[in-house]
Amino acid sequence: MLDIVDNEERDKDTMDQDGLLNHFKKKYSLIGEKVISTDKSYVNKLSGTKSLKLVLSLSNDKLQVYELRGPSVSAICKLSGHSKTVTEVLFSPKEDNLIYSCAVDGVIKLWDVRVGGSCVQEYKVKRKNVFNPKTAERDESVPRTSSKKLKQNTEDVSEDSNTEFQIILNFITDPNFMPDEDFSDTSTSDDNDSQIWNPPRFSRRLSTFSDSDMLLLPEIERRRSSRTAPVHLELQPPNVPSTSGTTDDQISEQEWMEEKLSNMQWEMPSHVDPPVIDYTVPSSGEIVAQQSREGIVGLKWRDKRDVLMLSTKQSGLKTVAKTNRRDEEATETRPLECMDVSSTGRVLCAGSQLVQDDAFLIFWDSRATAPLGGYWNSHTDDITQIKFHKEKSEILATGASDGLVNVFNILEQTEDDALIYSLNIENSVEALNWLDDKHLSCITQSNDLQIWDSVNGDLLKTFARSDICKSIKRSKEDDCYAVNTYTSAQGVPVLLAGSHADNGSCLRSVSIGERRLQPCTDFSPNKQVVRCCWYQPQEDLLVTAGEAASVDVWRGAGGDEPAPVKFALGHTQRYKPY
């Protein structure tokens, strides 16, 4: 028997060590290193502040806060409270002691490190308090959102301001809303709408009511046009052939029916079959069913939206099952995939996963727990990235698994007006980052890099995974990965990338040039596959963390760095999304 031999080429450097030292001229030294977990968990999210505080999210749903004090990484506190995977963590842009985190449990938590890392506020997304225009109609009694109110709140107003914070929505749900009790038949006598009953369209489910208050459904009135008017049988009996033999005589429908019934073979019910189910009025959320050898012979339920499948293992079994549909709806949450806070610290935005063909952006005033509303029609899959502009608090960029990056101006009154550009990435979005005032970088799920002009909606540059592999001097592109982008202290856009080979020890950075990726730094002491990074331009510090649960702090140690690049776009390169 022959042994299986792996002849696949392994990823390796395309230069010797001396060549790498001369090629990557910008130098960074490792000044601090700390392993923060020993239970095989890894770091998946990282954020920092100007005061050099760090918050890290681990794969075990724990949050840890540290502070950089010279070469040491000192622990401040640990945060725990999410019941499911934490998907995003970041500091408040205006307060270094406040931390936001969101998770798949559908909750955004606000933590204060000054009180031992306690959770001081929660923002939840529940079905009953989120109004979705896809499935409900707008209540005209709710006033439309005023852009003036939003503008007042996106600016730096005083904390004691009583101005109501509103944002980008045309409507806000009223939890006590009930549809009008007008159940009249609204069908018409149009020729094309014969035999149609148009029931009223509810904006939301009816509340629980007692049996005595149950509303009766309207009687269905079958309407026909003159061309489809019914034929009265007593005046014009049909010409139906006899079932007893061949004849040309006409017989009445009554005679034909009697002949038909006399020739039928009846099968009497077995003694084990149960009697017909008694009429009962189930309680809200209950289903009453009765079974036999042939299956379910009776089934009654109060709300047709409640669904329950019953087996038929025992004959004559009468079942009363509580579906608790209403209780589930009251507590059902939507998993959150990402979030961000505006530069003023006032607007909080989160993106949901796709649940029942519905993915949306939800907004809060950071001072209130109730959601203000959201954008419902811009993405059709999991929303993976949300990034507010670093200076313009009204500009928002979002990316999703549907291959779109949308740029919004949230000062507009409607979602359609707020959408500035919908950029077709043609791949799932993995990471978004604002490089400067107008340029937006996007890393796709296949580790490609794209640079976009958010002002004109143009695709400026595209670097494939193979280009990134060549730029960091590796031999196999399938093992290479892109971490994220940042803008250095000299204003140069930088891409951090690495390789999974050799236990992830390869970590390098390249500057994003006008035509190609130029070598920048080789982080040779690295010992892990890096999943996230954070850069502090004032101190020229780069913090990396990853699969070894290690926090590494790098400081710039001189060396040549490429000059800042100005992206140019010729008319022949203008991107056409359709």
[X]/[Y] ion pair, N-O < 4.0 Å:
| X | Y | answer |
| --- | --- | --- |
| Lys124 | Glu122 | yes |
| Lys527 | Asp502 | no |
| Asp453 | Lys438 | yes |
| Asp358 | Arg334 | yes |
| Lys53 | Asp96 | no |

Subject >> Step-by-step salt bridge (Lys or Arg N to Asp or Glu O under 4.0 Å) determination, Lys26 to Asp540 >> reply: CA-CA 12 Å; Lys26 174 67 176 178; Asp540 196 14; 3.7 Å; yes

Residue pair [X] / [Y], side-chain heavy-atom distance below 4.5 Å:
| X | Y | result |
| --- | --- | --- |
| Phe360 | Ile383 | no |
| Val347 | Ser366 | no |
| Ile36 | Tyr66 | yes |

**OP:** For the residue pair His500 and Tyr481, categorise the inter-ring angle as parallel (less than 30°), tilted (30 to 60°) or perpendicular (more than 60°).
**Re:**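 His500 vs Tyr481 ring planes: tilted.
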
Looking only at side chains, do [X] and [Y] share a donor and an acceptor under 3.5 Å apart?
| X | Y | value |
| --- | --- | --- |
| Thr544 | Trp554 | yes |
| Trp452 | Gln450 | yes |
| Ser352 | Glu337 | no |
| Asp402 | His379 | yes |
| Tyr100 | Asp340 | no |
| Asn433 | Asn484 | no |
| Asn503 | Ser505 | no |
| Ser499 | Asp11 | yes |
| Gln528 | Glu547 | no |
| Trp111 | Ser101 | yes |
| Thr485 | Ser441 | yes |
| Ser446 | Asp448 | yes |
| Asp552 | Ser550 | yes |
| Ser80 | Lys62 | yes |

Original post:
Quick check: does any side chain N or O of Asn409 sit under 3.5 Å from a backbone N or O of Ala418, one acting as donor and the other as acceptor?
Top reply: no

Subject >> side-chain contact (heavy atoms from CB on, under 4.5 Å) between Leu541 and Val553, worked out >> reply: CA-CA 7 Å; Leu541 284 177; Val553 183; 4.1 Å; yes

Subject >> His82 and Asp105: CA distance, side-chain angles, deciding distance, side-chain hydrogen bond (donor to acceptor under 3.5 Å, both in side chains) verdict >> reply: CA-CA 7 Å; His82 286 288; Asp105 57 11; 3.2 Å; yes

Original post:
What distance do Ile451 atom CD1 and His439 atom NE2 have between them, rounded to the nearest 0.5 Å?
Top reply: 8.5 Å

